Each structure stands twice: as C-alpha cells, then as structure tokens.
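Below is one structure; the comments refer to it alone.
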Amino acid sequence: MSKIKMLHLSKQYDKQKDNVIHDFNLEIKDKEFIVFVGPSGCGKSTTLRMIAGLESITGGELWMDGVLVNDIPPKDRDMAMVFQNYALFPHLTVFDNIAFGLKIRKVKRDVIKQKVEKTAEILELTSYLKRKPKELSGGQRQRVALGRAIVRDANLFLMDEPLSNLDAKLRVQMREEIINLHKRLGTTTIYVTHDQTEAMTMASRIVVLKDGHVQQIGTPKEIYNHPENMFVASFIGAPAMNFFKGMITPDQLTFSNGNRIGALPAAIDKQGEAIIGIRPEDIILANKETGIPLQVDYTEMLGSDLYVYGKLHGDSIVVRLRPDHDVVTGEIIYIEFASNKFHLFDPITEQSLLHREELKQ
Amino acid sequence: MEMVSRSRKMIHYALLTIFSIVMVFPLVWMFLSALKTPEEIFAVPLDWLPSNPQWGNFAGALELAPFGLYIFNSTFTAIVIVFFQIILSSMIAYALTQMTFKGKKLLFNSILITYMLPAAATYVPSYVIVAKLGLLDTLAGIIISNIASVFTIFLMRQAFMQVPKEMIEAARSEGANDFAVLRKVMMPMCKSSIFTVGLISFVQMYNNYLWPSLIVNSQENYLITVGLNRFFTTSGTFADQWPLIMAASVLAVLPLLILFVLLQKWFIKGISDSGVKG
C-alpha cells in the first residue's frame with residue numbers, strides 16, 4: 001500500500017541554470033501502475049530517482065503515505081528498485097542477491113530461506129539459486145532483479161527501463177510477467193520507459209514527459225485518443241500521427257488551398273489556420289470521385305498491416321491499411337478521413353484546440 | 001605479417017628471460033650460499049653448487065641470534081599494519097568516492113601531497129609523536145606509525161571508482177547504509193585489488209628497515225631487517241659468518257615467498273583488472 005503525492009517537484013543540478021524537472025505534480029493512488037514515458041533526456045529517470053531518494057529534490061514536496069519524504073534516505077523509504085542493467089551483485093549467488101535486502105534488515109535466516117524460495121518459485125528461478133549472475137542469461141538476470149524487488153514486500157516498486165536490455169521476444173514475455181506480477185501483488189509501481197508500446201500495454205496511467213515538463217497525464221486510452229498537444233500526439237502511437245496544415249472555417253475543415261477535408265469534429269471557438277492531426281488507421285480508402293488523391297512513395301508490409309507512405313500538399317503522410325490491399329509504389333490511391341477522428345492543434349502553441357469534455361462524448 | 005609478430009614475440013621472450021635471470025640470480029645465489037661452506041663461497045674459480053649441502057647452517061644461524069623471534073615480529077607487525085591499513089583506507093576511499101562534502105578534492109589532494117614528501121623528512125616529527133605517545137621501542141609504535149598509508153588509500157580509491165554506480169544505488173535502495181554498502185558491496189567487489197594492495201603493503205612493511213631501526217632499541221622488539229643488520233654489523237663480515245648470514249637471509253625471505261605462492265592468483269588478477277566484472 002502506497003500513495004504518493006508529488007507537489008511542484010523540481011530538480012536543478014549544481015552548475016546548471018535551468019531545471020531538469022519543472023513543476024511536476026502527480027498523485028498516485030494505491031495499486032496503480034504508473035508509467036513515465038518520454039524521449040531520452042526528458043527527465044523521467046531523474047524523477048524516478050528523486051522518488052527513490054537517489055537524487056536530491058531541489059524544489060517541491062514528495063509525500064508517501066502522508067509523510068513528507070524529501071529528506072529521508074533511500075533505505076528508509078520502503079521501496080524496491082529495478083535497474084536497467086539489472087545491477088546484480090556479481091560476487092553473490094542468485095539466492096544471496098535476492099536475499100540481500102532481507103539480510104540487511106536482519107530478517108531471521110529461516111524466514112529468508114522461505115521467502116527467497118517462494119520468490120524464486122514465482123519467477124521460475126528455483127534451479128538457478130546457487131548460480132552467480134554471470135552464469136545467467138539476460139532474461140534470467142532480469143528476473144533475479146525483479147526477485148530482489150518483490151521478496152521484501154516493499155510498498156512501492158520503481159523500475160527504470162527494466163526491459164530495454166532484452167531482445168524483442170524476451171521483452172514481450174517479461175512485459176507480460178511484470179503485468180501479471182503487478183496483478184498478483186498489487187504493489188504500487190512506477191515504471192520508466194522510452195518505449196510507448198510498453199507504456200500503452202502496462203500502465204494504468206501514463207505520464208508523458210518532455211524536457212522536464214509534464215505533457216499529459218492520463219490512461220493509455222485517454223492519451224491515445226485525446227492527446228493534449230502535438231508532442232503527445234506524435235510520441236504515442238506507431239506509426240506516428242499524421243500532421244498537416246489546414247484551416248478551420250465555421251462549418252468544416254479545409255486544406256490551406258480551400259479544398260474540403262471533412263466536417264468539424266466538435267464545436268470550436270477558433271477559426272483560421274490550424275494543424276490537423278489524424279492517425280494512420282483513421283485514414284480509409286475511398287473511390288476516385290470523392291477521395292483525395294495520394295501518390296504512393298513507398299510501402300511497408302508488416303504482415304498484419306500495410307503502411308503506405310506518400311505526400312499530401314507537401315506534408316508526409318502514412319496510411320495504415322489491411323494487408324490484403326494491393327498497393328504498389330508510384331500508384332495513386334484515393335483516401336478519405338474517418339469523420340470525428342481529427343485532432344486539431346494551434347499552430348503556434350501546439351496545444352489541442354478540442355475541449356476534452358466535448359471529445360469524450 | 002606473421003613473421004614480424006613472431007620475431008617480435010621472440011624479442012619479448014628474450015628480454016623477459018634476461019630480466020628474469022637478473023632478478024632471480026641474487027635469490028638463487030643466496031640459497032646456494034646458504035648451503036655452502038665459507039671456503040666454497042669464496043672459492044676461485046667459482047663453485048656453483050655446494051659439494052656437500054650444509055643444512056646445519058640454518059640451525060647455526062638460529063643459534064647465533066633469535067632470528068625466529070625477529071621473523072615473528074616482522075610478520076606480526078606487517079599483518080596487523082596491513083589489516084588496519086585496509087580497514088582505514090577502505091573507509092576513507094569510500095568517503096572519497098561515494099560521499100559529497102565540501103573540501104573533498106582538497107582532502108584528496110592533501111593526502112596525495114603527503115606522499116610526495118621524502119620519507120626522511122617525516123622521521124623527526126614522527127619520532128617526536130611516537131615518543132610523546134610513549135611508544136618508542138615497542139611493536140605498537142611500529143604498527144601505529146604505519147597504519148595510515150597513502151598508497152593504499154590511493155589504490156583503494158581507484159578500485160572503488162570502478163564499482164558501477166548502479167550497484168551502490170541498488171544496495172542503497174535495498175536498505176543498506178554506508179557501512180553495509182562498503183562491507184557487502186564495495187569490498188567484496190574489489191577483493192582482488194584489496195589482496196594486491198595487502199600483498200604489496202605486507203612486503204613493504206616486512207622489508208621496512210630504516211624507520212623501525214630508529215624507534216626500536218631492545219633486541220626482543222627487533223624486526224628481521226633490523227636484526228639481520230645488527231647481527232651483520234656486530235659480528236663482523238668475517239668469511240666464516242657468510243654461510244650463516246645467507247642462511248638467516250633465506251629464513252627471512254621464506255614468509256614472503258610462501259605468501260606469494262599462496263596469493264599469486266589474486267596478485268596477477270589485481271594487477272591485470274580492476275576486480276570488477278559484471
């Protein structure tokens with residue numbers, strides 16, 4: 001059980017003028033799985049390390065279960081951390097690695113044995129307990145690191161890109177294991193990743209960060225369907241959302257040259273220039289008469305999907321089609337946009353022009 | 001290409017062989033002389049091997065002076081000194097690598113500067129301090145005046161700097177305090193460096209002559225280095241003493257040789273890597 005509250009949290013390194021984290025506000029409920037996601041250097045790991053106590057907090061307040069923990073050292077924060085490169089102790093066996101925290105806390109020997117064995121069973125490590133980390137594969141090492149975290153029944157798990165050193169297949173497998181583990185233990189978890197797929201599949205809520213600023217906080221669905229700005233819209237989703245310049249008129253959306261794009265997705269106060277965003281899967285094939293022509297630059301066949309790349313009035317665009325469509329490079333296809341799927345952004349502030357309440361209806 | 005690298009290798013081996021012979025020759029000479037009669041040592045032309053090994057020389061040497069006691073004194077003080085040096089140096093190296101405090105750089109630099117002082121320049125003040133502590137002519141005096149070693153601090157700091165940051169952070173988030181991090185993570189991970197430092201330091205302390213000779217007076221506190229020299233100077237360099245002196249020297253070298261044989265694995269490891277490998 002752990003509730004965490006971050007109030008105006010900020011971080012500034014000694015010799016730097018600017019903050020690396022600006023005014024971070026977040027309230028985490030018990031048992032939530034929070035994912036911090038953003039490009040490298042966005043401050044997600046720094047924030048996690050501040051919560052862990054490995055990095056000092058230079059501004060704001062951090063509360064855990066009603067206690068202000070700004071100045072409490074890591075060892076007294078009752079959390080367990082999993083590191084990107086596992087950080088297993090090379091001189092200790094798997095058993096001793098998992099038991100490390102319990103031994104530090106002077107837990108009785110038979111209790112340690114029982115707990116470690118139970119943990120090893122959950123993570124399928126029982127036959128490796130006597131091995132040293134260097135005799136294990138990447139996935140096994142990662143499981144040991146997880147074991148070290150869960151064996152102590154800590155109130156809070158902090159995971160710093162725990163899967164990024166694994167190969168693709170193992171990553172998917174471990175992702176599932178972590179999700180199951182969270183379901184089973186219900187421990188509040190904060191997970192840092194730069195991989196938007198991980199964020200979407202694991203999180204109960206996602207925090208999108210850029211340059212130390214929180215861009216948006218919401219459930220994966222909210223973030224995907226109602227991005228609050230162009231950064232979030234482009235960062236979440238693969239391939240990324242298409243953007244092109246357009247105009248908002250009182251009754252419709254048009255390209256800059258006045259050609260109609262579609263109906264307004266909602267009532268909008270603003271008129272004039274706007275950036276129009278549409279996800280690749282919200283573009284559909286149309287007939288020659290009503291559709292917008294698009295010359296195909298190249299295609300990508302993924303088996304489950306077919307990505308078609310082209311240029312629309314100078315802006316690059318990608319369309320996601322079913323794989324059974326026969327589209328070849330150089331061909332002209334006709335497309336239209338699914339109604340109500342437009343995202344509209346202010347060209348200067350890059351903020352969404354749609355009010356979330358209206359969109360949610 | 002292969003020819004070049006091969007001839008290069010041959011040159012390397014030739015050089016190594018020559019240096020090895022130069023290094024090992026005095027030792028071999030000492031061993032052989034310890035088994036010769038005085039006449040054989042000074043025989044012209046040179047007699048390489050003793051015609052009849054004089055094993056009795058060792059017993060004779062031990063009768064002349066209490067070399068056994070001297071060797072014990074040397075071994076004992078060296079072990080205690082190395083023990084404390086490693087404990088103290090690891091603590092300061094930990095502070096120097098893991099803690100942030102004002103004047104850290106200054107502290108490290110001032111430690112290094114003391115290393116640059118010629119040892120002789122510190123003898124007088126050190127002597128006065130040892131005297132004021134009432135530790136002149138005691139083994140405790142030798143031990144206490146040697147337990148702080150800049151060399152050990154420096155090497156331990158270098159070794160600690162190689163420990164990945166995540167290891168320390170992992171230990172911390174697992175609930176370890178500074179002392180636990182030092183004892184359960186840093187020291188085990190730097191084991192080979194510690195063994196190496198310990199070994200070098202042990203040899204240094206075992207061989208230490210000038211300083212102990214200054215503060216020790218009574219025969220029961222002599223170190224082997226001091227004891228050998230006093231024996232040498234008091235009984236003169238008469239030819240018939242040479243086999244005994246050589247036998248005593250062999251006895252003096254034995255503890256070091258045994259230590260090297262036992263720890264050579266660690267010694268080589270400590271020199272060839274930092275002791276930290278994932």
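Residue numbers start from 1 in every chain, and the chains themselves are labelled A, B, ... in the order their sequence lines are given, proteins ahead of strands. This is a predicted model, so every value here is computed, not measured.
More than 12 heavy-atom neighbours from other residues, nucleotides or ligands sit within 6.0 angstrom of CZ on B/F31. Under a cut-off of 6.0 angstrom, the local environment of NZ in B/K104 is crowded, with over 12 non-hydrogen atoms contributed by other residues, nucleotides or ligands. Under a cut-off of 6.0 angstrom, the local environment of CZ in B/F101 is crowded, with over 12 non-hydrogen atoms contributed by other residues, nucleotides or ligands. The local environment of CZ in B/F84 is sparse, with at most 12 non-hydrogen atoms from other residues, nucleotides or ligands closer than 6.0 Å. Surrounding CE of B/M91 are at most 12 heavy atoms belonging to other residues, nucleotides or ligands under 6.0 Å away. More than 12 heavy atoms of other residues, nucleotides or ligands lie within 6.0 Å of OH in B/Y209, so this atom counts as buried by the packing criterion.
Nearest heavy atoms, B/A176 versus A/F100: CB-CE2, 4.4 Å. Residues B/A180 and A/I104 approach most closely at CB-CD1, 3.7 Å, considering heavy atoms. Nearest heavy atoms, B/M189 versus A/P90: CE-CG, 3.5 Å.
For A/L102, no part sits under 4.5 Å from any heavy atom of chain B, backbone or side chain. Heavy atoms of A/F89 lying under 4.5 Å from chain B belong to its backbone as well as its side chain. Contacts between A/R148 and chain B at a heavy-atom distance below 4.5 Å involve backbone atoms as well as side-chain atoms.
Panel note: side chain A/H91, backbone B/K184; a donor-acceptor pair is recorded below 3.5 Å. Judged purely by atom type and a 3.5 angstrom limit, A/R105 uses its side chain to pair as donor or acceptor with the backbone of B/E174.
With contacts defined as side-chain heavy-atom distances shorter than 4.5 Å, the pair B/E169/A/R49 qualifies.
Chain B forms the most heavy-atom pairs under 4.5 Å with one residue out of A/Q84, A/R152, A/M79, and that residue is A/R152.
A side-chain contact (heavy atoms from CB on, under 4.5 Å) with B/E166 is found for one member of A/N85, A/L88, A/D160 and no other, namely A/N85.
Of the inter-residue distances, the one linking B/S173 atom OG with A/L156 atom CG reads 11.0 Å to the nearest 0.5 angstrom.
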